[in-house]
Amino acid sequence: MIAADSRSIAVIGGGISGLTMALRLREQGHAVTLIEASGQLGGLGTFFDYEGRTFEKFYHCMLPSDGPLLEILETLGLTDEVYWKPSSFAYAFQKKIFALNGALDLLKFKPLSFIERIRVGITGAYGRIASDKGLDQMTTAEWLGKLSGASAFKKFWQPMLEAKFGDRYADVPALWFWTRFNREKGESKGEVKGYIRGGYKRITDTFVAHLKKKGVTLRLNTPVVRIDLDDDAQPIVITDRGEETFDQVVVTLPWPGFSKSAGQNLRAASGRIDWNIDFQGVINCLFFLRRPLTKHYWLATPEPSFPFDGIIETSTLTDESDRGENRHVVYLTKYLHRTDARFATPDEAIGKDWFAALQQLFPDLTEQDIEARHIFRAPFVEPVYTKGYLARRPPEVLVPGKVYLATSAQVYPTVTSWNGSVIQAKRTLDAMAADPLPQRKAVKAEARELAVA
Ligand SMILES: Cc1cc2nc3c(=O)[nH]c(=O)nc-3n(C[C@H](O)[C@H](O)[C@H](O)COP(=O)(O)OP(=O)(O)OC[C@H]3O[C@@H](n4cnc5c(N)ncnc54)[C@H](O)[C@@H]3O)c2cc1C
C-alpha cells in the first residue's frame, strides 16, 4: 500500500539503526531503499561462520531493560526465541578473581579498604536514585570522585572508565555513567542477560526476509561516497553505481564516516553542526576454548599488566546449541582509538601476547585448550564523549524535510547498544513526522510502484 504522502527515502547504513529505520518507514508506506557498504547487514552486530554456526565478531547480549529492542523483535516474530540467564560480574586483582554482584561481594572486596568499600557501595546505591540534573556538565571523574573519595575512585572507578575510553576517560560526562549505572542495574533478583537462538545473525536474517517481503529495496556492497543536495536542493546519494535522487535521506552511518561523505551543499544547509565528533574503536580477540575459564559473563582486568580490559565469557550465557558441545567462547576486549599504534598490531602478535596475559590469570590454561582464535577490529564504535556533549549531539533533522540523522553519535546519554539505536531511531521517526514536507518534484508513480512491489 502506498501512503498519501509516500516519499522515496534512502536509508544509508544497514546496522540496527538503518534496519529499524527501514522497517518503520516502510510500515508508514514510504518507498525505502537501504544502502549498505558491506556485503552483510547488522553493523557492529556482525558475525562470521565457524564450524556450521555463526558467532558475533564482537560480543553481544540483551538486557531485560531493552524494551524498545524487544518490541522490534516482537514485530519480527522473534520474541520467543530470546532466552535469559542469570549473569555475573567479577574483577581481577593481583591474579585473584573477586565476584562483584551485590553488597555482600563488595563487603568482601579486598582490593579496597573497608571505608572505600562502604563509599563505593553508597555511590552505587545513590547513583541509582540520584537525579541526572547537571550531570552532563560534570565529568564522571568529578562526580564519582566526590561520591566515593579520591582513592576509591582511582582504584575502582578509574580503571573501569579507562577500560572503555582509554586515556580520554577523564572527559566523559557523569551523565553517561549515570545512564550506564541505571541500564545495568538488572532485576531485583540479580542481573540477567539475554541472547537469541541462532545468534544475532538470526535477527539480521529475519530483518532481511521481512524487509524484502514488505518491498524495501536492499543494496549491499554499495559504499556511499557522498551525500549531498543537488542544485534544486534535492537530496542525492552518490555511490560507485552513480548518483541517485531521493525525496529524503536518513543517515545512520558512524559519524566520522558521515562527516567524510557529507557534500558541500549539505554542509552549507545544515546549520551549526559539530562535524568533528571523534570515535573510539575496539579490538576483540575471540578464543574458542575446550574448557571454561570462570562462571562470570564479564571479568574486568583493569591492571596495566593486561593488554586487554575485560574477559567476556559469552558461553556462560549462550546455549550449547548456539556454540557447539564443549565449546567455550571467550572474548578479550580492548577499547582504543584507531590511531593508537596498538590498533595496527598484527593479529599474530595480539593472539600470542593476549593469550600469555590470560595465562597469568589462569596458569593451568594451555595451548591445547585452544580450539581456534579470531581477531576483529572496529574503528568506529561510539563517540569519545566530552563534558557538555548534549549540546554537541547532532540533531535528528539535519536539513528540514530532506536529510535526517539516526546515528550512534546521537544515542547519548543512553548507552550505545542495539537498544540505544532503536530508541534513537524512534526519536528520528518522531522528528520526521513533525517535520513539514517541503515542495518537491512529483515522483514518478511508476518507479515507486516498482520499488514497493
Ligand atoms: C565490542 C562491542 C560489544 C558490544 N556489545 C553490545 C551488547 O552486548 N549489546 C548491545 O546491544 N550492543 C552492543 N554493542 C554496541 C552495538 O553493536 C552498537 O551500538 C550498534 O550496533 C550501533 O548500530 P548502528 O546501526 O547505529 O551503527 P553500526 O552498527 O556501526 O552500523 C553502521 C552501518 O553503516 C555501514 N556503513 C559505513 N560506512 C558506509 C558507507 N560509506 N556507505 C554505506 N554504508 C556504510 C556499516 O557497514 C554498518 O553496517 C557492542 C559493540 C561493540 C563494538
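In listed order, ligands and their atoms are each counted from 1.
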Under 4.0 Å from a heavy atom of [X]: which atoms of ligand 1 are those, numbered in the order shown and with their elements?
{"X": "G15", "answer": "25 (O), 31 (O), 33 (C), 49 (O)"}
{"X": "T416", "answer": "15 (C), 19 (O)"}
{"X": "V282", "answer": "53 (C)"}
{"X": "G43", "answer": "29 (O), 31 (O), 48 (C), 49 (O)"}
{"X": "I35", "answer": "43 (C), 44 (N)"}
{"X": "P254", "answer": "30 (O), 32 (C)"}

Q: Given ring-ring contact (aromatic ring centres under 6.0 Å, His included), test F55 with H374 step by step and report yes or no.
A: CA-CA 11 Å; F55 294 85; H374 296 266; 8.7 Å; no
Structural part of [X] in contact with ligand 1, heavy atom criterion under 4.0 angstrom:
{"X": "W298", "answer": "neither"}
{"X": "V224", "answer": "both"}
{"X": "V381", "answer": "side chain"}
{"X": "A37", "answer": "both"}

Any atom of ligand 1 sitting under 4.0 Å from a heavy atom of [X]?
{"X": "C61", "value": "yes"}
{"X": "Y331", "value": "no"}
{"X": "S421", "value": "yes"}

Using distance alone, determine whether [X] and ligand 1 share an N or O pair under 3.5 Å.
{"X": "Y59", "result": "yes"}
{"X": "E36", "result": "yes"}
{"X": "P223", "result": "no"}
{"X": "A406", "result": "no"}
{"X": "L253", "result": "no"}
{"X": "H60", "result": "yes"}
{"X": "N419", "result": "no"}
{"X": "F380", "result": "no"}
{"X": "S417", "result": "yes"}
{"X": "W418", "result": "yes"}

Which of F177, Y169, W143 passes ring-ring contact (aromatic ring centres under 6.0 Å, His included) with W157? It is F177
Parallel, tilted or perpendicular: which fits the ring planes of [X] and [Y], with parallel below 30° and perpendicular above 60°?
{"X": "Y200", "Y": "Y195", "value": "tilted"}
{"X": "F288", "Y": "F48", "value": "tilted"}
{"X": "Y385", "Y": "W176", "value": "tilted"}
{"X": "F98", "Y": "F93", "value": "tilted"}

Residues 295-307 vs side-chain hydrogen bond (donor to acceptor under 3.5 Å, both in side chains), sequence neighbours excluded, gives S88-H296
Exercise. Yes or no on side chain to side chain contact (heavy atoms under 4.5 Å, CB included) for H210 and L23, after CA distance, side-chain angles and deciding distance?
Worked result: CA-CA 8 Å; H210 194 84; L23 173 76; 3.2 Å; yes
Can you see whether [X] engages [Y] through a side-chain donor-acceptor pair at a distance of less than 3.5 angstrom?
{"X": "Q40", "Y": "T46", "answer": "yes"}
{"X": "T407", "Y": "Q410", "answer": "yes"}
{"X": "R323", "Y": "S315", "answer": "no"}
{"X": "Q264", "Y": "R267", "answer": "no"}

(Q) Once ring pair (Phe, Tyr, Trp, His ring centres under 6.0 Å) is applied, what residue pairs with a partner in residues 213-256 remain, sequence neighbours excluded? (A)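 Only W255-F258, W255-W275 qualify under ring pair (Phe, Tyr, Trp, His ring centres under 6.0 Å).
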Query raised in the report: Do I311 and V330 have side-chain heavy atoms sitting under 4.5 Å apart?
Result: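 Of all side-chain heavy-atom pairs linking V330 with I311, at least one is under 4.5 Å.
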